[in-house]
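Computation of the quantities below employed the complete heavy-atom set of this structure, encompassing side-chain atoms and omitting hydrogens, waters and symmetry-equivalent molecules.
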Amino acid sequence: DGEVLFEDLHFSVGKGERVAFVGPDHAVTALMGILAGEEEADAGLVQWGHSTNCGYLPKDNQSFFEADLSLIDWMRQFTDEPEENFVRSFLGRMLFSGDEVYKCANVLSGGEKMRCMLARIMLRDPNVVLLDSPTNHLDLESITALNSGLEKFEGTLLFTSHDVEFVSTLATRVIELDGPNFYDLHLSYSEYLVDEQRLQRHGNRPAQG
């Protein structure tokens, strides 16, 4: 609708970097969709390395859960491995055990859907992970487990979240979207929050969690 979400945005990401995107939610979500190849930019190019295998977690996952399928059959959509035990193992990592794997996917809670989406990413065994608001709908225990798993992840991570502690423990670089301007800051998130130039840009307002 004529609003500039970002313009002339350019950056390179190296192997193993952990980049947090900050800015208006709709702008960050649009960027994540473009990077994942789910949306198309008005202009420009996204180029991944030849050996890149991306796993993407969108902010809105409702369309993934419209089919009347059990969790086992839901997961089978995303793998060529037909064995139930193989699929069960990924659901088990997301705390779906016993008869829970036969639960209907379209009646899951928000947190259960998020755990299924994370299991779907794990099936891909990606070396690049794009996560748009992964902490939404998760309880504290699940967020802590996800945080621990991502700390051990040796690939490249591009993500956004409103959970300050989650971002602080993972990000090694921050890219801030600010309409026609952007700021590519090689700072930790805690350094970013107290960055004097950032505070000047935002009128010395306190950081928003």
Side-chain angles (χ1 to χ4, degrees), residues 13 15-16 18-19 21 25 28-40 46-163 166 170:
V13 177
K15 181 180 178 181
R18 297 161 180 256
V19 183
F21 294 103
D25 284 355
V28 174
T29 290
L31 176 60
M32 295 290 279
I34 290 168
L35 294 177
E38 299 292 326
E39 304 288 344
E40 187 174 346
V46 176
Q47 185 171 354
W48 294 101
H50 294 298
S51 61
T52 298
N53 175 24
C54 290
Y56 172 51
L57 178 78
K59 186 174 185 178
D60 182 3
N61 58 39
Q62 186 57 41
S63 63
F64 287 87
F65 296 94
E66 294 175 350
D68 186 14
L69 297 172
S70 69
L71 290 189
I72 285 282
D73 290 333
W74 186 87
M75 285 290 289
R76 280 185 173 137
Q77 298 177 100
F78 310 112
T79 179
D80 295 326
E81 174 56 63
E83 289 297 325
E84 181 171 315
N85 285 341
F86 175 80
V87 177
R88 267 183 177 274
S89 69
F90 284 90
L91 288 171
R93 293 181 204 180
M94 291 294 111
L95 307 179
F96 293 104
S97 59
D99 290 341
E100 285 185 313
V101 299
Y102 299 112
K103 209 171 177 179
C104 190
N106 61 15
V107 299
L108 297 178
S109 68
E112 289 172 326
K113 288 177 181 177
M114 187 62 73
R115 282 154 47 200
C116 283
M117 293 296 290
L118 291 168
R120 172 179 171 268
I121 289 177
M122 292 168 64
L123 274 174
R124 292 183 59 88
D125 191 24
N127 54 18
V128 176
V129 173
L130 297 93
L131 304 176
D132 188 355
S133 306
T135 54
N136 286 5
H137 306 295
L138 294 181
D139 59 26
L140 181 58
E141 183 180 1
S142 297
I143 292 173
T144 301
L146 175 62
N147 196 327
S148 297
L150 290 173
E151 285 183 311
K152 297 173 185 174
F153 177 59
E154 297 180 353
T156 302
L157 178 63
L158 308 176
F159 73 109
T160 183
S161 172
H162 286 291
D163 187 310
F166 182 84
L170 293 173

Working note: Lys59 + Met32, criterion side-chain contact (heavy atoms from CB on, under 4.5 Å); need CA distance, chi angles, decisive distance, verdict. CA-CA 9 Å; Lys59 186 174 185 178; Met32 295 290 279; over 6 Å; no
For the pair Arg76 and Glu84, evaluate side-chain contact (heavy atoms from CB on, under 4.5 Å) and give the outcome as yes or no after the intermediate values. CA-CA 9 Å; Arg76 280 185 173 137; Glu84 181 171 315; 3.6 Å; yes
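Not one N or O on the side chain of Arg93 forms a donor-acceptor pair closer than 3.5 Å with the backbone of Ala119. Proximity of a side-chain donor or acceptor of Glu81 to a complementary backbone N or O of Glu83 within less than 3.5 Å is detected. A side-chain donor-acceptor contact under 3.5 Å links Thr156 to the backbone of Gly16. Remark: side-chain polar atoms of Asn127 are paired, donor with acceptor, to backbone N or O of Ser51 under 3.5 angstrom.
Across Pro134 and Ser161, no two heavy atoms sit closer than the pair CD-CB, 4.4 Å. Scanning both residues, Leu170 and Glu151, for their nearest heavy atoms gives CD2-CG, 3.7 Å. Considering all non-hydrogen atoms of both residues, Phe21 and Thr160 come closest at O-OG1, 3.0 Å. Nearest heavy-atom pair, Leu123 versus Phe86, reported as atom, atom and distance to 0.1 Å: CD2-CE2, 3.6 Å. Taking each heavy atom of Ile143 and Phe166 in turn, the nearest pair found is CG2-CD1, 4.1 Å.
The side-chain heavy atoms of His162 and Asp25, taken from C-beta on, include a pair separated by under 4.5 Å. In this structure, the side chains of Leu57 and Arg120 stay at 4.5 Å or more apart for every pair of heavy atoms. Taking 4.5 Å as the limit, some side-chain heavy atom of Leu131 sits within range of a side-chain heavy atom of Leu150. Between Glu100 and Leu71, every side-chain heavy-atom pair lies at or beyond the 4.5 Å cut-off. For the pair Phe64 and Lys113, the minimum side-chain heavy-atom distance is 4.5 Å or more. Between Arg115 and Leu138, some side-chain heavy-atom pair lies under the 4.5 Å cut-off. In this structure the side chain of Lys103 reaches within 4.5 angstrom of the side chain of Glu112, judged on heavy atoms. Counting heavy atoms from C-beta on, the side chains of Glu66 and Asn106 never come closer than 4.5 Å.
With 3.5 Å as the limit, one finds a donor-acceptor pair spanning the side chains of Asp139 and Ser142.
One distance of note links CE of Met75 with OG of Ser70; it measures 11.5 Å at 0.5 Å rounding. Remark: Asn61 CG to Ser133 OG distance equals 11.0 Å, nearest 0.5 Å. For the atom pair Lys15 NZ and Thr52 OG1, the distance stands at 10.5 Å (nearest 0.5 Å). Here the OH-CG distance, from Tyr56 to Asp132, works out to 5.5 Å after rounding to the nearest 0.5 Å. In this structure, OH on Tyr102 lies 10.5 Å from CG on Leu91, to the nearest 0.5 angstrom. To the nearest 0.5 Å, atom CE of residue Met117 and atom CZ of residue Phe78 are 7.0 Å apart.
Classification of the Trp74-Phe65 ring pair by plane angle, with boundaries at 30° and 60°, yields parallel.
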